[in-house]
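One-based numbering, in listed order, for ligands and for the atoms of each.
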Amino acid sequence: MPSYKLSYVDGRGYAEVSRQLFHLSGTPFEDNRIAFEDWPKIKETTPFGQLPVLCVNGKELPQSFAIARYLANQFGFSGKTPFESAWVDALGDQHKDYLNEIKPFLMVAYGFAEGDKEKMMKEVAAPAIQKYFTILEKQAKDNGLNGHFVGVSITWIDLVVSDHMGIIETLVPNAFDGFPLVEAVRQKITSDPKLKEWIEKRPETPF
Ligand SMILES: N[C@@H](CCC(=O)N[C@@H](CS)C(=O)NCC(=O)O)C(=O)O
């Protein structure tokens, strides 16, 4: 088995889905959480100057979705056919478009930027959530109401959406009212015994 080291800060953020893929597949890995004060020394040594970075047998891979996709391919969480995998990728790309839209709100909500949080919630977060979750709600329905966005078993996009909901609901009251099918996917995913075990024991972090 290859040796895996996943480096990120001490948060869920861009690394949590990959951690979940390790836990779901029962694959040992080093969960390397870098302290904020150590980051400036390490930044220049990383491939793209950012975290997360996955190290596989000493070889580095940057970019969270490339890492998640690579692990999902290795462990069987990327879709059962090329077309399913392409749909998982399409939803992943849509998720990144949505993150770009909601990011100004997140920066203010977490105190990384100045701004009126309530105003940003109404004018930035709410429309971004409405647009993206409407797409997801339709996708959950079109996929047959089976608790997954693609196919009949867990794929990495189920994890991306479920973890993201857990973060947003701490910032936006009733964020997912009106999206019961997306909520049903989250309920199914987070009740998976291996994932449940990890969620219960993982370090507590705000995001
Ligand atoms: N597109 C990248 C974004 C990663 C990213 O923004 N990482 C942040 C931490 S959450 C980072 O490395 N920030 C430090 C820096 O840019 O110096 C990904 O998906 O991996």
Side-chain angles (χ1 to χ4, degrees), residues 2 4-24 27 29-56 58-75 77-79 85-115 117 120 124-125 128-129 132 135-136 149-150 155-172 198-199 202-207:
Y4 294 105
K5 176 162 103 172
L6 180 64
S7 297
Y8 192 58
V9 296
D10 185 19
R12 282 146 64 196
Y14 285 108
E16 180 60 17
V17 166
S18 292
R19 293 189 189 113
Q20 293 184 356
L21 288 165
F22 282 118
H23 287 283
L24 275 172
T27 308
F29 75 110
E30 184 184 342
D31 188 358
N32 181 34
R33 293 173 186 242
I34 292 169
F36 281 106
E37 56 272 23
D38 294 334
W39 170 239
K41 287 181 282 192
I42 296 165
K43 183 176 170 72
E44 295 312 316
T45 70
T46 62
F48 293 169
Q50 284 190 317
L51 295 171
V53 171
L54 177 70
C55 199
V56 187
K59 287 190 177 166
E60 290 188 316
L61 177 66
Q63 282 290 358
S64 60
F65 277 18
I67 295 169
R69 195 177 289 114
Y70 169 77
L71 296 174
N73 278 327
Q74 299 283 107
F75 304 151
F77 296 98
S78 59
S85 299
W87 255 102
V88 173
D89 287 349
L91 291 167
D93 286 345
Q94 194 63 33
H95 188 88
K96 285 221 158 171
D97 288 353
Y98 154 79
L99 281 184
N100 283 336
E101 284 178 32
I102 201 168
K103 195 170 174 184
F105 164 73
L106 295 177
M107 297 298 281
V108 169
Y110 286 125
F112 297 131
E114 295 280 308
K117 187 181 160 199
M120 299 283 278
V124 176
I129 292 168
Y132 179 47
I135 290 171
L136 292 174
F149 291 116
V150 180
T155 64
W156 63 273
I157 194 63
D158 292 339
L159 304 177
V160 167
V161 174
S162 300
D163 187 64
H164 179 75
M165 289 171 80
I167 286 172
I168 291 296
E169 72 187 353
T170 66
L171 303 172
V172 181
W198 165 240
I199 290 170
R202 72 186 171 190
E204 275 284 331
T205 56
F207 49 84

For ligand 1, protein residues within the heavy-atom limit of under 4.0 Å are Tyr8, Tyr14, Trp39, Lys43, Gly49, Gln50, Leu51, Pro52, Gln63, Ser64, Lys96
Residues Arg202, Asp163: salt bridge by 4.0 Å N-O rule
yes
Using a strict cut-off of less than 4.0 Å between a Lys/Arg side-chain nitrogen and an Asp/Glu carboxylate oxygen, indicate whether Asp93 and Lys96 qualify as a salt bridge. no
Residues pairing under ring-ring contact (aromatic ring centres under 6.0 Å, His included) where one sits in residues 34-53, two or more places apart or in two chains, turn out to be none
Look at the side chain of Asp158 and the backbone N and O of Phe149, then say whether any donor-acceptor pair between them is shorter than 3.5 Å.
yes
* Side chain of Ser78, backbone of Ser85: donor and acceptor closer than 3.5 Å? -> no
From the list Arg19, Gln20, Glu16, side chain to side chain contact (heavy atoms under 4.5 Å, CB included) partner of Leu159 resolves to Gln20
